[in-house]
Amino acid sequence: MATCGGPCMDNVLLITDSYKVTHHMQYPPDTTTIFSYFESRGGKFKETVFFGLQYLIKRWLVGQVVTREKIAEAKDIYKKHFGQDVFNEEGWNYVLEHHGGKLPLLIKAVPEGTVVPVKNVLFTVENTDPKCFWLTNWFETLLVQVWYPMTVATNSREQKKIIASFLHETADNMDGLPFKLHDFGFRGVSAVEAAAIGGAAHLVNFMGTDTIASLVMARKYYGADMAGFSIPAAEHSTITAWGKTGELEAFKNMLSRFPKGLVACVSDSYDIWNACENLWGKELKNMIVKRGESNSTLVVRPDSGEPADVVVKVLTILGKAFGTEKNSKGFKVLPPYLRVIQGDGISYETLTGILERMKKLEWSADNIAFGSGGALLQKLNRDTQKCAFKCSFAVVNGEGVDVFKQPITDPGKKSKKGRLTLELQNGKYVTVQEGQGDPKKDLLVPVFKDGQLLKDYTWEEVRGRAEIPLVLEQKKKKNATK
């Protein structure tokens, strides 16, 4: 996977907020331990999929990450940035000389892919060397960036729950669910790295993507041989290059060039209704039907207009041209050689409206797949799930201190106190505060210590933990009948 480039972007001494460079001088005298935690304090969804910390650890923290050259580079930059000497050169030299440039930190986290209700601890960080107490929160800036893959995975999973529920109601089975929400978001994110991270987070829940960077990310950092799949598909340029009068030939070319398997063709370059009724439904009907003899499928893609209106009208026109069958639940299904993908205006907010309209008009959700771009990977931020990293415990003068904040202007920002554990009590996740938890019941697993990765989760493990309840229930029923 491509990195951001430039030497400073590989220097952990430079991946923090400016004010943190001065924080080693601000803690109480004789501080020896700083213990901090990360959580989702609430937000859009009631639970979150924890994902992405393993990438951050492997990318930035493992092995020797502090060198003489990096210290010198940081010293030079900070002297010019602040106009004075505030950089903790002594502290970083200590890390280099006494720890071989490896970070004396312990990170414990919930296993990746775990779905945890909001307002619970998801990972903790503390220093393992009393002289490096200042190091814990130096890495807040980096580690809080787990908000992004976590939020994308959560948003994607919530959409999976919506699609699954409509398939359960209107389709014979949910076999096609893994490919019902396709990632179209590569061009809509802020950087290649964001596409890789966010795209991989989506693939925790689904298996369809056009964001190639996500495949590299999942392979390199989670050992996935192939996390996502795609099919040949047209864009407007490959259709409009034939000219308006050549649209029929452009469509015919798609069927000829890709005679077997799935192929998707954008069909709204000029007149989506004419394309469905006359070009696909009459002129090219025999070719489409013939492809079906080899279990091949044409996927018609509208790409403009009000999504719910367009989808049901396209289905109606195609149904009239090619016929439909009623499935076991009484809903209409196009022939297996013909499907639709709606890739415009798709988000968590719009999915239900489209599928409800289809259901009302007796169309099975099996007829359609969705593509989502900006709303999937970009239209969210750290406050979507109110992610925060706070210190909750310190050791000062040899005494443990429960640390917390409780601003009178925003009770929602009250932080947790003391050492924390995440435990299951009566089947529910509970964060136990003030060191009152049972270490034997703690669900937070040591994943990093003193420069070493302690836990390397596989892609299959992550996906398995994140699976939605409805799919698990259906699998259980299926296995019971065998």
For [X], enumerate each residue passing the side chain to side chain contact (heavy atoms under 4.5 Å, CB included) test, keeping only those at least two apart in sequence or located in another chain.
| X | answer |
| --- | --- |
| Lys441 | Glu423, Asp438 |
| Lys75 | Phe87, Glu89 |
| Ala394 | Ile34, Val396, Val403 |
| Ile272 | Ser267, Asp268, Cys276, Pro302, Val314 |

Aromatic ring proximity, centroids under 6.0 angstrom, Phe51 and Tyr222: yes
Looking just at side-chain N and O atoms, do His202 and Ser214 make a donor-acceptor pair shorter than 3.5 Å? no
Does a side-chain heavy-atom distance below 4.5 Å link [X] with [Y]?
| X | Y | result |
| --- | --- | --- |
| Phe370 | Phe206 | no |
| Lys70 | Val12 | no |
| Phe139 | Ile107 | no |

Residues in salt bridge (charged side-chain N to carboxylate O under 4.0 Å, His left out) contact with [X], at least two apart in sequence or another chain:
| X | answer |
| --- | --- |
| Glu467 | Lys160 |
| Asp309 | Arg357 |
| Lys478 | none |

Looking at every heavy atom in both Ser36 and Cys391, which two are closest together, and how far apart are they?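 Here Ser36 and Cys391 meet closest at OG-CA, 3.2 Å.
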Going by the angle between their ring planes, with limits at 30° and 60°, are Phe50 and Phe123 parallel, tilted or perpendicular? tilted
Parallel, tilted or perpendicular for Tyr55 and Tyr221, by the 30°/60° rule?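 Rings of Tyr55 and Tyr221: perpendicular, as their planes differ by over 60°.
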Listing, residues 375-382 side-chain donor-acceptor contacts under 3.5 Å, not counting sequence neighbours, or none:
from   : atom 1 : to     : atom 2 : distance (Å)
Asn381 : OD1    : Asp383 : N      : 2.9
Asn381 : OD1    : Thr384 : N      : 3.2
Arg382 : NH1    : Cys387 : O      : 2.7

Residue pairs involving residues 387-414 (criterion salt bridge (Lys or Arg N to Asp or Glu O under 4.0 Å); sequence neighbours excluded):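 Counting only pairs at least two positions apart or across chains, no salt bridge (Lys or Arg N to Asp or Glu O under 4.0 Å) contact touches residues 387-414.
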With sequence neighbours left out, which residue pairs that include part of residues 133-155 fulfil the salt bridge (Lys or Arg N to Asp or Glu O under 4.0 Å) condition? Lys20-Glu140
Side-chain donor/acceptor pairs under 3.5 Å, residues 95-106, sequence neighbours excluded:
from  : atom 1 : to     : atom 2 : distance (Å)
Glu97 : OE2    : Arg68  : NH2    : 3.4
His99 : NE2    : Asp129 : OD2    : 2.7

Results of side-chain hydrogen bond (donor to acceptor under 3.5 Å, both in side chains) for Tyr348 - residues two or more places apart only: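 Counting only residues at least two positions away or on another chain, Tyr348 forms no side-chain hydrogen bond (donor to acceptor under 3.5 Å, both in side chains).
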